[in-house]
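Here is the naming used below: chain letters follow the sequence lines, and residue numbers restart at 1 for every chain. A quick note: this is a predicted structure, and the numbers were derived from the prediction, not measured.
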Number of protein chains: 2
Amino acid sequence: MSVESLSALDRSTLRERSLEALRSAILSGRYRPGDHLGEVELAGSLGVSRGTVREALRHLQQEGLVTAGNRGMLRVNSLSPAEVHELFRVRAALEGLAVREVIASPRRESAAEKLRAAVERLSDEDEPAVRMEADLAFHLLLCQLSGNSMLVEAWQRLEGRMRVAILNGASWQAPMMARDRHVPIVEAIEQGDVDAAVRVVDEHMAGAAEHFARATESA
Amino acid sequence: MSVESLSALDRSTLRERSLEALRSAILSGRYRPGDHLGEVELAGSLGVSRGTVREALRHLQQEGLVTAGNRGMLRVNSLSPAEVHELFRVRAALEGLAVREVIASPRRESAAEKLRAAVERLSDEDEPAVRMEADLAFHLLLCQLSGNSMLVEAWQRLEGRMRVAILNGASWQAPMMARDRHVPIVEAIEQGDVDAAVRVVDEHMAGAAEHFARATESA
DNA sequence: GACGTGACGACTGTCGACAGTGGCTCCCCC
DNA sequence: GGGGGAGCCACTGTCGACAGTCGTCACGTC
């Protein structure tokens, strides 16, 4: 019997798997904003106990994907156009910090290289959902390359709401996620021009905010 | 019987009250970083069931106050000096956005007024713990006055970790929370000088980071 | 017909119990 | 003396059940 014939077992808890299942169910549009998420119903569907889904739901609540309505009943959350603008301004502030730190980092060149690769991955994709993933992956990578773990964490806490905003106002042909929109960021980093880099990020986010907010209000 | 004779009842759930109790127990130093938080023990102390404290603990975990160790056992979290620096840089980015938005707001003057009052409240206090509260209240107010709800939310998600950093490296005579340190921020806002305001905030945070990181590593 | 009232159903809040899993100790055997 | 199990203990993961609360609907009374 070969050593390779046995792979490590999946040791994730039911709570973690429930969390993942619920998150992707919401993010895939299986549940629409405003929909009521009943604990019993979900527990039945997932085949786990109520307590287990409860913990997963509470997690999603803290992530901002669901919100508490009357008497603790949870609903899928949605964002107003104003909130979308606010959200992207916060994101701009965080990613502005990210580019500043990447530029100041001694590994700036290797970082720029990785970012270029991420941009190319973005232009390869046609499927809208995959494009969105590639876009988010690029921006997450930007934060990670800053080497600031608290920044990464803060960004990820925003991720859920960002996905809501994107999904809610999903005019999928969004030029926001185009390759051309991201190249300037990488170029500014390569040139070590902090002011230009921050300005480019700000503009990128302002454009995205405008786009998704408009799509949200027309929905 | 007067209308006033009956006040509204406290409708908070046991989970919420457990959460509050645990949070203040950790933040007051009742539990030290690294201490193990057993569900059974806590449930016994608080007089509630395990499931209830469990949910509260999970919430604190997402806040970053506790972290999962071996086999899901939770411990009180602590921050490395490097993480303290990172944390305060993120904070600087967020509060930099806050001052920019406050200055751009049409209610800038009334905002500056409220901030002045908050600064004065800070100088009135002698008790260290109360000073810390006043300091955090000032910075939270700054975010709130920006009118950006997402910013407030992002800041509050950092609050737990900030309190850990402050508590962990608690050289209480910290000049960081002095009145003089905060006045320049308000002044820059009053004068509408965006660049100066952002610079002041950055310096404020850099100083605080240096201070608390140093205190953390010597502990 | 409008209003108060009672029953019913659908939720969530909370609890106690069982099961599985590592870590630890102690003992046996080589 | 050292190594390896067996057994015990302290934990967390997961579950099913009970209780309390609110919305709804039908019913009876003025």
Side-chain angles (χ1 to χ4, degrees), chain A residues 6-23 25-26 30-78, chain B residues 1 3 6-23 25-26 30-78:
Chain A
L6 282 180
S7 55
L9 300 175
D10 179 18
R11 305 240 355 182
S12 63
T13 65
L14 284 179
R15 167 172 46 89
E16 292 170 309
R17 274 176 278 179
S18 303
L19 175 59
E20 206 45 53
L22 288 176
R23 194 181 358 232
I26 293 174
R30 166 74 185 75
Y31 294 101
R32 315 292 302 177
D35 279 3
H36 166 54
L37 297 176
E39 296 176 359
V40 252
E41 177 192 339
L42 295 176
S45 300
L46 294 174
V48 297
S49 86
R50 253 187 68 216
T52 304
V53 287
R54 234 179 119 77
E55 293 189 15
L57 284 172
R58 287 271 125 72
H59 194 108
L60 292 176
Q61 185 179 8
Q62 246 175 311
E63 277 185 20
L65 263 70
V66 306
T67 186
N70 213 356
R71 216 167 76 245
M73 306 212 324
L74 296 176
R75 305 185 321 255
V76 177
N77 203 1
S78 64
Chain B
M1 197 179 190
V3 181
L6 281 182
S7 56
L9 300 176
D10 178 18
R11 306 244 351 188
S12 64
T13 65
L14 284 180
R15 168 172 47 89
E16 292 169 311
R17 274 176 278 178
S18 303
L19 176 59
E20 207 46 52
L22 288 176
R23 191 173 9 224
I26 293 174
R30 166 73 185 77
Y31 295 101
R32 315 291 305 177
D35 279 3
H36 167 52
L37 297 177
E39 296 176 358
V40 263
E41 176 192 340
L42 295 175
S45 299
L46 294 174
V48 297
S49 86
R50 257 187 65 216
T52 304
V53 287
R54 234 179 119 77
E55 292 188 14
L57 284 172
R58 286 271 127 72
H59 194 107
L60 292 176
Q61 185 179 8
Q62 246 176 311
E63 278 186 18
L65 264 71
V66 306
T67 185
N70 212 354
R71 218 167 77 244
M73 306 212 321
L74 296 177
R75 305 185 322 252
V76 176
N77 203 0
S78 63

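Close to D/dG23, at under 4.0 Å from its OP1 or OP2, lies a side-chain N or O of A/N70.
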### Sequence-aligned protein contact record of nucleotides 6-14 of chain D, with B where the base is within under 4.0 Å of a protein heavy atom and S where only the sugar-phosphate is
----BBBBB
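A salt bridge does not link A/R58 with A/E55: every distance from a Lys NZ or Arg NE/NH1/NH2 to an Asp or Glu carboxylate oxygen is 4.0 Å or more.
Here the side chain of A/R54 pairs no donor or acceptor atom with the backbone of A/E39 at under 3.5 angstrom. Side chain of B/N77 to backbone of B/G64: a donor-acceptor contact under 3.5 angstrom is found.
Rounded to an integer number of Å, the gap from CG of B/L9 to P of D/dC22 is 11 Å.
At a threshold of 4.5 Å between non-hydrogen side-chain atoms, the residues B/L22 and B/H59 do not count as touching. Looking at A/E41 and A/H36, their side chains never come closer than 4.5 Å, going by heavy atoms from C-beta outward.
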